[in-house]
Protein chains: 2
Amino acid sequence: MQLPEARRKFIEAWGAFGSAWGISRTMAQVHALLLLATEPLSTDDVMEQLNISRGNANMNLRALIDWGLVSKVLKPGDRKDHFEAEKDVWRIATQITRERKKRELEPMVKLLSELERTEGASNDAKAFRKVTGDLKDLTSRIDAVLERTTRSDVQWFLKAASTLLR
Amino acid sequence: MQLPEARRKFIEAWGAFGSAWGISRTMAQVHALLLLATEPLSTDDVMEQLNISRGNANMNLRALIDWGLVSKVLKPGDRKDHFEAEKDVWRIATQITRERKKRELEPMVKLLSELERTEGASNDAKAFRKVTGDLKDLTSRIDAVLERTTRSDVQWFLKAASTLLR
DNA sequence: GAATATTTTCATTACTTATTGAAACTTCAT
DNA sequence: ATGAAGTTTCAATAAGTAATGAAAATATTC
């Protein structure tokens with residue numbers, strides 16, 4: 001396969017992948033574009049290469065910065081902002097994991113902890129507490145592990161798990 | 001908090017949680033409803049309790065069966081189908097993980113393997129192969145671990161990880 | 001095998017979410 | 001201070017996704 005086609009395919013696939021996981025298609029595509037770029041791109045570059053409007057490009061670039069996946073870079077002699085993606089896939093993975101943990105897992109653990117304290121002695125109430133309690137244990141354990149997870153931990157885990165589960 | 005309110009909150013939250021992770025809000029709500037039910041529910045029960053149409057209820061129940069999270073149960077003396085959710089949260093987690101792996105991770109690994117073979121000696125082509133190659137390594141390692149993951153593995157992992165990363 | 005009950009399908013409609021584009025705002029050089 | 005270049009915002013609109021409900025298909029009973 002030739003580079004331009006491969007590039008297009010990757011951007012498209014990364015967009016679809018993202019949208020299956022609750023990340024907007026365009027945000028994922030902008031991310032893919034920056035991942036493949038060998039040097040920082042301007043807003044206009046992004047607009048042009050993905051055929052999106054200025055507002056859209058700007059919004060998604062800022063969202064990516066907010067997620068800690070992209071950073072602004074000043075190019076000497078150019079007034080335009082330029083944007084550069086983190087290229088280390090381990091850092092990308094932990095960064096995404098951390099953000100989602102913060103945005104979705106933590107609130108869920110909090111809610112489940114409250115719900116676990118639901119009153120009532122009926123079978124229904126007991127069953128309710130069992131389910132929410134079990135879910136809370138699971139989510140909070142996942143949460144706790146992710147809390148401590150850094151690049152080297154992930155590597156350690158994957159290595160250990162691959163070996164042990166062989 | 002009293003049971004009916006807690007129940008409502010949980011169903012609502014589970015729906016929002018699901019939709020943030022690429023699972024339709026209603027499918028997650030139907031799942032939540034069945035998780036809390038102490039005995040199997042009919043399509044009409046689901047329609048009534050969630051205020052959704054028959055078509056919608058039917059679609060989402062079948063999707064949940066497809067995901068392996070819910071099963072049909074025949075109630076003696078009743079012609080209606082009844083539905084029951086898997087209640088073991090570990091099994092729920094591994095089941096969801098497995099399905100997503102199959103539906104999204106595997107196709108991505110496959111694509112990345114192809115893209116890694118992109119031709120060209122330019123810097124751009126080299127950078128492209130580096131990024132896609134790194135991503136492929138990451139995703140295929142995750143994939144391999146999930147492949148072998150069963151309930152006891154998950155328990156082992158979370159226990160080991162919580163301890164070691166303390 | 002006709003009547004009745006139940007489930008499934010699917011075209012239409014409603015809802016949600018993303019995108020545009022133009023205006024407002026900011027920054028910087030002179 | 002002014003204007004040129006760049007960035008951000010946001011109301012309007014488009015695109016995408018999910019839900020409805022009635023009709024078709026299927027299953028069950030007598």
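So you know, we letter chains A, B, ... as the sequences are listed, proteins then strands, and number each from 1.
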Distance in angstrom units between B/L74 CG and D/dT28 C1', rounded | 13 Å
Atom-pair distance (CG on B/L64; C1' on C/dT8), nearest Å | 16 Å
Ignoring hydrogens and angles, state whether a donor on the side chain of B/S53 or B/N56 is under 3.5 Å from an acceptor on the partner side chain.
-> no
Give the rounded distance in Å between these two atoms: CG of B/L61 and P of C/dT7.
-> 10 Å
Looking only at side-chain atoms of B/R79, point me to the closest of D/dT8, D/dG6, D/dT28.
-> D/dT28
Going by distance alone, is a donor N or O of one side chain under 3.5 Å from an acceptor N or O of the other, for A/S140 and A/D143?
-> no
May I ask you to verify if any side-chain N or O of A/N58 is less than 4.0 angstrom from the OP1 or OP2 atom of D/dT8?
-> yes
In whole angstrom, what separates A/D66's CG from D/dT8's C1'?
-> 15 Å
Search all heavy atoms of B/R7 against all heavy atoms of A/F128 and return the closest pair with its distance.
-> CA-CE1, 3.7 Å
Whole-Å distance, A/R62 CZ to D/dG6 C1', equals 14 Å
Taking CG from B/L50 and P from D/dA18, how many angstroms apart are they, rounded to a whole number?
-> 16 Å
Do the side-chain N and O atoms of B/Q2 and A/E119 include a donor-acceptor pair separated by under 3.5 angstrom?
-> yes
B/D78 CG to D/dT29 C1', straight-line distance once rounded to whole Å = 14 Å
Take atom CD1 of A/I65 as the centre, draw a 6.0 Å sphere, and report whether it contains more than 12 heavy atoms from other residues, nucleotides or ligands.
-> yes
In whole angstrom, give the distance that lies between atom NZ of A/K80 and atom P of C/dC28.
-> 16 Å
Check ion pair A/E39-A/K75 (N to O, under 4.0 angstrom) = yes
Please list, for nucleotides 17-26 of chain C, all pairs of protein and nucleotide N/O atoms separated by less than 3.5 Å.
unit_1, atom_1, unit_2, atom_2, d
C/dT19, OP1, A/T26, OG1, 2.2
C/dT19, OP2, A/T26, OG1, 3.2
C/dT19, OP2, A/N56, OD1, 3.3
C/dT19, O5', A/N56, ND2, 3.4
C/dT20, OP2, A/S53, N, 2.7
C/dT20, OP2, A/S53, OG, 2.9
C/dT20, OP2, A/N56, ND2, 3.1

